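Please read all numbers here as calculations on a predicted model, not as lab measurements.
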Amino acid sequence: VLYGSETESDFTGIILRLSNVIGAPAHKDVNCWMLLINDLCRQAVTTGKIVLHSSGMQQRDFIAMTEVCRFLEHLTLCDSKTLFDRTFNIGSGVSQSVIKTAELIQERCELILGFRPELQRLENGSANEKHEILELRTDRLAKMGLQVELDNSIEIDSLLMFCKASYNKNLNDYI
């Protein structure tokens, strides 16, 4: 994000460090299907199951795309002179395990699409898997009065509906 004044040489930059974003793309061919939640939602709709290639115990910080847009709007509209910090972590500040996230997608899929995808994972994980607690510090955003909405259900529901519409899958196969 750049702030400008009357001369082109008087710009102030801000560094935004983005965590794991949840949100439906503008089009199904957008290169976003390697993102964890996007991938899991697409798997659920196209195969009727969610397959993790790990134990799912890894921690991630997820934030809805609508929250990211809200933060960006706030940062671009505020007076650059009031920004004491120039680097911001854009995330929820709350970590969650991949398995918990997959279970949430199962629940939302059952509620929104009428079926509960099977969940498969490696029980013991892979040899190089780490299960460290993740702590993404978002206190600089909080100092500015920005609090994140932690319930990602609406964004996951939208993503599931997007996958259903984009991949035109007959979900009766899974019911």
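Legend: residues meeting side-chain hydrogen bond (donor to acceptor under 3.5 Å, both in side chains) with D151, ordered by chain and number and at least two apart, are S153. Applying the side-chain hydrogen bond (donor to acceptor under 3.5 Å, both in side chains) test to R121 and every residue at least two apart in sequence or in another chain returns nothing. Scanning for side-chain hydrogen bond (donor to acceptor under 3.5 Å, both in side chains) contacts around E155 gives T66, with sequence neighbours left out. Residues satisfying the side chain to side chain contact (heavy atoms under 4.5 Å, CB included) test with L36, not counting sequence neighbours, are L40, F62, V98. Every residue two or more places apart in sequence or in another chain that forms a side chain to side chain contact (heavy atoms under 4.5 Å, CB included) with S92 is listed here: D61, V94, V148, L150. For the salt bridge (Lys or Arg N to Asp or Glu O under 4.0 Å) test, no residue two or more places apart in sequence or in another chain qualifies with R17.
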Problem set entry | Verdict with supporting geometry, I99 and L119, side chain to side chain contact (heavy atoms under 4.5 Å, CB included) | CA-CA 9 Å; I99 191 71; L119 178 57; 3.5 Å; yes
For this session: Check the pair L159 / I105 against side chain to side chain contact (heavy atoms under 4.5 Å, CB included), numbers first and verdict last.
Result: CA-CA 10 Å; L159 186 52; I105 293 169; over 6 Å; no
Problem set entry | Working for side chain to side chain contact (heavy atoms under 4.5 Å, CB included), residues E118 and I50 | CA-CA 6 Å; E118 175 189 350; I50 297 171; over 6 Å; no
For this session: Apply side chain to side chain contact (heavy atoms under 4.5 Å, CB included) to the pair V68 and L18, showing each step before the final yes or no.
Result: CA-CA 9 Å; V68 172; L18 199 56; 3.9 Å; yes
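Every pair passing salt bridge (Lys or Arg N to Asp or Glu O under 4.0 Å) that includes a residue from residues 95-108 is listed here, sequence neighbours excluded: R108-D157.
Grouping Ile, Leu, Val, Met, Phe, Trp and Tyr residues whose side-chain heavy atoms lie under 4.5 Å apart, directly or via other members, leaves I154 alone, with no other cluster members. Applying the under-4.5 Å side-chain rule to Ile, Leu, Val, Met, Phe, Trp and Tyr, the cluster around L35 extends to M34.
Within the model, atoms OG of S158 and CG of N152 stand 11.5 Å from one another, a figure rounded to the nearest 0.5 Å. Distance check: C109 SG to L104 CG gives 11.0 Å after rounding to the nearest 0.5 Å. Considering SG of C32 and CG of N38, their distance stands at 4.5 Å, rounded to 0.5 Å. Atom CG of residue N20 and atom CD of residue Q59 lie 11.5 Å apart, to the nearest 0.5 angstrom. Note: Q43 CD to C163 SG = 10.5 Å, rounded to the nearest 0.5 Å. Atom-to-atom distance recorded for L111:CG and R116:CZ is 11.0 Å, nearest 0.5 angstrom.
Within the 4.5 Å cutoff, the side chain of T47 has no heavy atoms near those of the R42 side chain.
A salt bridge does not link E73 with R70: none of the charged nitrogens is closer than 4.0 Å to a carboxylate oxygen.
For the 3.5 Å distance criterion, the side chains of T101 and Q96 qualify, holding a donor opposite an acceptor.
In this structure, E67 and I63 approach most closely via the heavy-atom pair CB-CG1, 3.7 Å.
Remark: side-chain polar atoms of Q120 are not paired, donor with acceptor, to backbone N or O of V51 under 3.5 angstrom. Although no hydrogens or angles enter the test, the distance criterion places no donor-acceptor pair under 3.5 Å between the side chain of S55 and the main chain of L122.
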Please list every donor-acceptor pair under 3.5 Å in which a side-chain atom of residues 23-30 meets a protein atom from a residue at least two apart or in another chain.
{"from": "H27", "atom 1": "ND1", "to": "D29", "atom 2": "N", "distance (Å)": "3.0"}
{"from": "K28", "atom 1": "NZ", "to": "S166", "atom 2": "O", "distance (Å)": "3.4"}

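By the 30° and 60° cut-offs, the orientation of the rings of Y167 relative to W33 is perpendicular.
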